[in-house]
Amino acid sequence: MSKSLPKRSEDYSAWYNELVKRADLAENSAVRGCMVIKPYGFAIWEKMQQTLDRMFKETGHSNAYFPLFVPKSLFEAEEQNAEGFAKECAIVTHYRLKADPNKKGKLIVDPDAKLEEELIVRPTSEAIIWNTYKGWIQSYRDLPLLINQWANVVRWEMRTRLFLRTAEFLWQEGHTAHSTKDEAMEETTRMLDVYAEFAHDFLALPVIKGIKTANERFAGAEETFCIEAMMQDGKALQAGTSHFLGQNFAKAFDVKFADKNGGLEYVWGTSWGVSTRLMGALIMAHSDDNGLVLPPKLAPWQVVIVPVVFGNDNEALLNRCKELKSSLQKAGISVMLDDRDTQKPGWKFAEYELKGVPVRLAIGNRDLQNNSIELARRDTMEKSQVSLDGIEDYIKNLLDEIQTNIYQKALNFREKQTRKVDDYATFQRLLDEDPGFILAHWDGTPETEEKIKNETKATIRCIPLEREEEPGTCMVTGNPSAGRVLFARAY
RNA sequence: CGGGGCGUAGCGCAGCCUGGUAGCGUACUAGCAUGGGGUGCUAGGGGUCGUGGGUUCAAAUCCCGCCGCCCCGACCA
């Protein structure tokens with residue numbers, strides 16, 4: 001294994017793949033398209049989960065769990081949804097294996113064990129959940145119903161990439177039911193805001209909130225809201241979606257409620273989700289050619305202490321490291337003390353840079369005598385000598401500063417790579433030569449959108465929620481446009 | 001599903017064209033030295049060369065089939 005990563009500037013894709021593996025986040029498994037998330041990668045995901053879970057609960061949601069399998073008849077009930085996901089479903093057709101009569105020690109699918117009705121491995125859970133909701137909702141008193149589920153789903157993708165697109169992935173999916181359209185719409189945008197806040201405050205990732213065009217809308221939704229982030233190669237990554245489902249699923253699964261006046265009405269629904277894809281976003285947004293750069297709020301270890309040992313007389317030094325560790329922990333900082341004598345300090349430095357630990361403290365006898373420590377920031381790679389007195393407060397502040405700095409860096413990059421363009425030639429040239437977000441006028445038709453996609457591989461990422469009222473003309477057809485929409489090539 | 005590539009030691013690869021004792025780097029084990037940025041030297045262990053068949057005195061190498069994976073496209077969170 002070579003010691004250095006591929007360079008972002010030379011091969012962004014190879015850099016990403018290598019980084020994921022070398023930083024011990026995940027690896028490909030024996031199952032096509034499915035990854036193994038390794039302990040270090042999973043620790044980051046757990047931090048995301050904990051934070052999001054808290055935010056969901058603060059906004060009134062409860063967790064529940066629904067089955068992995070969806071009977072085909074339920075799956076097909078909401079036609080748009082079924083059609084949208086049909087071509088990437090895994091299907092269970094049998095429930096038993098038996099010994100192969102022709103090959104000793106091998107198994108075959110028992111043809112006598114065919115299921116009467118096939119089971120779809122959920123690509124998303126609206127069907128099974130709305131079918132369940134039918135039994136839970138009778139009256140306006142049962143509403144709103146605010147449920148979230150942490151689960152795995154399967155989408156049989158043609159081509160997969162660790163975290164960004166895997167055949168099986170982990171996610172959360174919120175599914176809510178409301179008595180009025182306004183309330184459901186309010187919920188949809190509330191959860192979009194939760195996602196945007198999470199991206200901003202924890203992922204240190206600036207995102208653009210917007211509405212998807214009809215082409216890009218979730219199958220079965222009336223309206224899809226999204227947050228879009230920019231990666232360091234200028235490509236867009238959809239980091240989360242929140243769907244206003246209207247009464248589509250209520251009608252498909254016959255979920256009605258008695259209102260205050262004794263009338264019977266269909267329920268209004270929403271669904272919203274983020275996935276392990278956020279890991280991909282986190283990696284691609286901040287990391288550099290030395291490895292991961294993790295925002296302190298999501299780093300499994302915010303600080304790593306590396307003792308720099310000489311000879312055998314290290315007891316005092318190691319004791320001092322342990323004291324330091326516990327005093328930092330008391331200050332609410334998560335700390336890794338790497339006192340292994342099997343690896344050398346230089347090796348550890350490189351290792352923790354690769355793993356993106358925000359702050360590294362190196363401490364040797366020389367430092368002890370000066371009552372100071374060598375501190376290295378991962379985000380800027382700067383090293384400095386810092387006094388051990390008051391080190392806890394110093395590091396707490398520094399972690400905040402790093403969190404902010406990482407965000408600011410990503411924001412600066414996004415702003416630099418976001419341009420307003422008015423003619424199609426410039427649009428095409430920029431996508432090839434200096435990729436990023438492009439704000440351009442579009443005539444609002446699916447045909448023009450499709451044409452642009454076919455010709456440039458760029459899609460409308462969203463119609464930004466916060467956009468200036470700026471009438472103009474479509475860069476392709478010259479027809480009138482109410483305002484600019486956000487274009488980019490996307491993951 | 002179309003295009004390209006790869007399957008040889010835990011990992012990364014060479015060897016294949018031109019068939020003849022299976023190699024390198026790294027990791028691993030041991031010893032000695034070293035020790036503030038991926039230590040150095042020495043010795044050692046580890047491989048049915050993806051799989052099935054064929055050609056041949058002889059196959060990692062040539063031929064045919066199969067399987068798997070990766071990358072690029074179309075599709076998609």
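Chain letters run A, B, ... following the sequence lines, proteins first, then strands; residues in each count from 1. Keep in mind that the numbers below use all heavy atoms, side chains included, and drop hydrogens, waters and symmetry copies.
- Neither OP1 nor OP2 of rC69(B) sits under 4.0 Å from any side-chain N or O of N28(A).
- Across all strands, S13(A) comes closer than 4.0 Å only to sugar-phosphate atoms, never to a base (heavy-atom distances).
- With a cut-off of 3.5 Å on both pairing distances, the Watson-Crick or G-U wobble partner of rC62(B) is rG54(B).
- Nearest-nucleotide mapping onto RNA chain B: of K21(A) and A239(A), the residue sitting toward the 5' end is K21(A).
- T459(A) comes within contact range of no nucleotide atom at all, as no heavy-atom separation falls under 4.0 Å.
- When heavy atoms are screened at a 4.0 angstrom cut-off, N17(A) is found touching the sugar-phosphate backbone but no base atom.
- Every residue two or more places apart in sequence or in another chain that forms a ring-ring contact (aromatic ring centres under 6.0 Å, His included) with Y40(A) is listed here: W301(A).
- Under the Watson-Crick or G-U wobble criterion, with both distances below 3.5 Å, rC24(B) is paired with rG12(B).
- Heavy atoms of F218(A) sit nowhere under 4.0 angstrom from any nucleic acid atom.
- Residue contacts for K453(A): at a heavy-atom cut-off of 4.0 Å it reaches the sugar-phosphate backbone alone, with no base atom in range.
- Between rC24(B) and rA60(B), the distance separating the two C1' atoms is 16 Å to the nearest Å.
- Across all strands, L237(A) comes closer than 4.0 Å to no nucleic acid atom at all (heavy-atom distances).
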Would you please test W45(A) and F163(A) for ring pair (Phe, Tyr, Trp, His ring centres under 6.0 Å) and show each step?
-> CA-CA 11 Å; W45(A) 174 242; F163(A) 289 121; 8.7 Å; no
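- Atom name C1', nucleotides rA59(B) and rG15(B): the rounded distance is 14 Å, in whole Å.
- Note on Q238(A): only backbone sugar-phosphate atoms sit closer than 4.0 angstrom, heavy atoms only; bases stay farther off.
- A 3.5 Å limit on both hydrogen-bonding distances identifies rG68(B) as the Watson-Crick or G-U partner of rC6(B).
- Between atom CD of residue Q149(A) and atom NE2 of residue H175(A) there is a gap of 6.5 Å, rounded to the nearest 0.5 Å.
- Using a 4.0 Å heavy-atom criterion, one finds that K457(A) contacts the sugar-phosphate atoms exclusively.
- The main-chain N or O of Q428(A) is never found under 3.5 Å from a side-chain atom of T456(A) such that the two would form a donor-acceptor pair.
- Of the candidates rG36(B), rC71(B), rG37(B), rG36(B) carries the atom nearest the V308(A) side chain, counting heavy atoms from C-beta on.
- Summarising the base pairing, rC17(B) is matched to no nucleotide, lacking a Watson-Crick or G-U wobble pair whose two defining distances lie under 3.5 Å.
- Within the shown strands, rG73(B) is the pairing partner of rC1(B) under the Watson-Crick or G-U definition, both distances less than 3.5 Å.
- Put simply, the side chain of R122(A) gets close to the backbone of N152(A): a donor and an acceptor are under 3.5 Å apart.
- A heavy-atom distance below 4.0 Å to RNA chain B is reached by these residues of residues 341-361 of chain A, ordered by number: K344(A), G346(A), W347(A), F349(A), A350(A), E351(A), E353(A), R360(A).
- Applying the ring pair (Phe, Tyr, Trp, His ring centres under 6.0 Å) test to residues at least two apart or on different chains, none of the pairs has a partner in residues 357-388 of chain A.
- Using N1 to N3 plus N6-O4 or O6-N4 for Watson-Crick, or N1-O2 and O6-N3 for G-U wobble, each under 3.5 Å, rA30(B) pairs with rU42(B).
- Open room surrounds NZ on K72(A); 12 or fewer heavy atoms of other groups in view lie less than 6.0 Å from it.
- Less than 6.0 angstrom separates the ring centroid of F85(A) from the ring centroid of F218(A).
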